[in-house]
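Structure record follows, encoded as structure tokens.
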Amino acid sequence: MKYLEGPFAPVTEEITAHDLAVTGRVPAELDGRYLRNGPNPLGVEDPAVHLWGMGQGMVHGVRLRDGRAEWYRNRFVRTPGYAPMVHVVEHARRTFALAEGGLPPAELDAELNTVGVCALGATAEGFTAGAHSKHDPLTGELHSLSYLPGHEFVQHIVIDAGGTVVRTTTVPLTRTPFMHDFALTGNHIVLWDTPIGFDGFECRWLPEHPTRVGVMPRTGGDVRWLDVDPVHVSHTLNAYDDGDAVVVDVVTAAGPFDPADPGAIRPALDRWTITPDAVHQRRLDDRPQDFPRVNDSRATRPHRYGYSSATALYGIPFTPEGTPSDDAFTNALVKHDLDRGTSEVHGFGRHEAVGEAVFAATGQGEDDGYLLTYVHNPERDASDLVILSAQDFTGEPVARVHLPARVPLGLHGNWLPER
């Protein structure tokens, strides 16, 4: 069971370390916390049937301030059952760990200790804020698309800047879908209804189910459904309105595949332009990549740059343009210039393991800032927080913050600047 071994292997201890060693320099303008969530299952009874993403969540964090790495902490999300293990966000000046499939969020304090289960996004039907809840930087709202196994509908939940649910829209479906992510524009919500869904409480590929794209006014109303070829939508990079069309950059993968083995897919980056009567699909980059991110200040608006990861989750060699296949990276970060149709690749060592990279903005320019990510350092058998300049993407890291422990490959996180 590879999802319990190597870079995925769980860690057993909660650690606090202060005044971390740094190679290079921590940019003085970075003042905040970099947090990332992920599954850290302990005591798995039967590894052969273990599902990656199940088990107790663990949040890893580094506090940066005044050019120093003040602390590293890793903390279990301590809630009953399967604790939130997918994402960690800040809203209404509070920090929340988010989960999949109806598990309620957990609130964390500034030092990552669990305050308790909370009702962020709670609705009368028992739904709460979902794993890929998205901020609108222009309104301060938090938008969520949530599903619950056993319910043949999903809910779009809007939470205002103060943390109060101000609108809920129920979208009827024919079964419980696996809607891990969605897209948000200034005027629309975009939903992915793919063959992956629930047969009872088992999530699997249902070949008889079509792949549909749904477009709904974000103020609520009817969904306009459009059919596309069978495909799985992994994650959304960003989306925006363009006249009567909606433009969405997404990571997709052909099916069928077993949802219990997410590393078996070959994800690639696409642009879908959704007009009133069709979805026009265009491949942006065929190389295997996932965990796309954008400068969050551009969320819901047109963007030029996007960032993605070629990660050990898939284990597929990633070949930079113009290089032979034997020089391909197993782990790399990619900066896409979507206006020019070009990309830059920052590769890591063959035995290192990189996850999602998060953009930390430091100015008004779209690529004025840094990329932050955890990278396993095999020489130390521990991880580094690697900080790259977005404007010198292929150059040496600005800093490597040396953590005292390994950070298992996980899921999603955020840069939370001090406010």
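This structure is a prediction, so every number in the text was calculated from the model and none was measured. Worth knowing before you read on, the calculation uses all heavy atoms, side chains too, and leaves out hydrogens, waters and symmetry mates.
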(request) Would you mind reporting whether Asn37 and His87 have side-chain heavy atoms less than 4.5 Å apart? (result) no
(request) State whether the number of non-hydrogen atoms from other residues, nucleotides or ligands found under 6.0 Å of His351 atom NE2 is greater than 12. (result) no
(request) Would you mind checking if Glu356 and Arg36 are paired as a salt bridge, meaning a charged N to carboxylate O distance below 4.0 Å? (result) no
(message) Taking the ring centre of each residue, are His235 and Phe291 less than 6.0 Å apart?
(response) yes
(request) May I ask you to check whether His156 and His143 show a side-chain donor-acceptor distance below 3.5 Å? (result) yes
(message) In terms of relative ring orientation, are Trp205 and Phe257 parallel, tilted or perpendicular, with 30° and 60° separating the classes?
(response) tilted
(request) Please check if the side chain of Thr95 supplies one atom and the backbone of Asp109 the other of a donor-acceptor pair under 3.5 Å. (result) no
(request) Verify whether the ring centers belonging to Phe348 and His346 lie closer than 6.0 Å. (result) yes
(request) Examine the side chains of Ser146 and Ser144 and answer whether a donor and an acceptor come within less than 3.5 Å of each other. (result) yes
(message) Regarding Asp367 and Arg298, does a basic nitrogen lie under 4.0 Å from an acidic carboxylate oxygen?
(response) no
(message) Does Arg283 have more than 12 heavy atoms from other residues, nucleotides or ligands lying within 6.0 Å of its CZ?
(response) yes
(request) Walk me through it: do Asp31 and Arg63 pass the test salt bridge (charged side-chain N to carboxylate O under 4.0 Å, His left out)? (result) CA-CA 8 Å; Asp31 182 8; Arg63 177 67 166 100; 2.8 Å; yes
(message) Are more than 12 heavy atoms, taken from residues, nucleotides or ligands other than Asp46, located less than 6.0 Å from that residue's CG atom?
(response) yes
(request) Quick one: sort the Phe178 and His180 rings into parallel, tilted or perpendicular, breaks at 30° and 60°. (result) parallel
(message) Testing the 3.5 Å rule here: is there a donor-acceptor pair between the side chains of Asn295 and Arg304?
(response) no
(message) Check this for me: does any side-chain nitrogen of one of Arg175 and Asp193 sit under 4.0 Å from a carboxylate oxygen of the other?
(response) yes
(message) Can a side-chain donor-acceptor contact be found between Arg218 and Thr169 if the only test is distance below 3.5 angstrom?
(response) no
(message) Counting only heavy atoms not in Asp392 (residues, nucleotides, ligands), do more than 12 fall under 6.0 Å from its CG?
(response) yes
(request) Could you check Arg75 against Thr16 for side-chain hydrogen bond (donor to acceptor under 3.5 Å, both in side chains), going step by step and ending with a plain yes or no? (result) CA-CA 9 Å; Arg75 294 291 186 272; Thr16 302; 2.5 Å; yes
(message) Check this for me, if you would: do Arg287 and Asp285 make a salt bridge, where the nitrogen-to-carboxylate-oxygen distance has to be below 4.0 angstrom?
(response) yes
(request) Go through Asp241 and His188 one step at a time and tell me if the side-chain hydrogen bond (donor to acceptor under 3.5 Å, both in side chains) criterion holds. (result) CA-CA 8 Å; Asp241 299 302; His188 297 96; 2.7 Å; yes
(message) Do Asp249 and His303 pair up side chain to side chain, a donor and an acceptor below 3.5 Å, judged on atom types alone?
(response) yes
(request) State, to 0.1 Å, how close Phe76 and Thr12 come at their nearest heavy-atom pair, and which atoms those are. (result) CE1-O, 4.3 Å
(request) Examine the side chains of Glu100 and Tyr147 and answer whether a donor and an acceptor come within less than 3.5 Å of each other. (result) yes
(request) Determine, for Asp227 against Arg212, whether the closest basic-nitrogen to carboxylate-oxygen distance falls under 4.0 angstrom. (result) no
(request) Check the angle between the aromatic planes of Tyr307 and Phe393 and answer parallel, tilted or perpendicular using the 30° and 60° thresholds. (result) tilted
(request) Look at atom CD of Glu418 and say whether more than 12 heavy atoms of other residues, nucleotides or ligands are closer to it than 6.0 Å. (result) yes
(request) Kindly determine whether Tyr3 and Asp261 satisfy side-chain hydrogen bond (donor to acceptor under 3.5 Å, both in side chains), including the steps that lead there. (result) CA-CA 9 Å; Tyr3 301 115; Asp261 188 12; 2.5 Å; yes
(request) Tell me, yes or no, whether the heavy-atom count around Glu13 atom CD, taken from other residues, nucleotides or ligands under 6.0 Å, exceeds 12. (result) no
(message) Salt bridge or not between Arg78 and Glu14? Use side-chain N to carboxylate O under 4.0 Å.
(response) yes
(message) Would the distance check show the side chain of Thr164 and the main-chain N or O of Val166 forming a donor-acceptor pair, the cut-off being under 3.5 Å?
(response) no
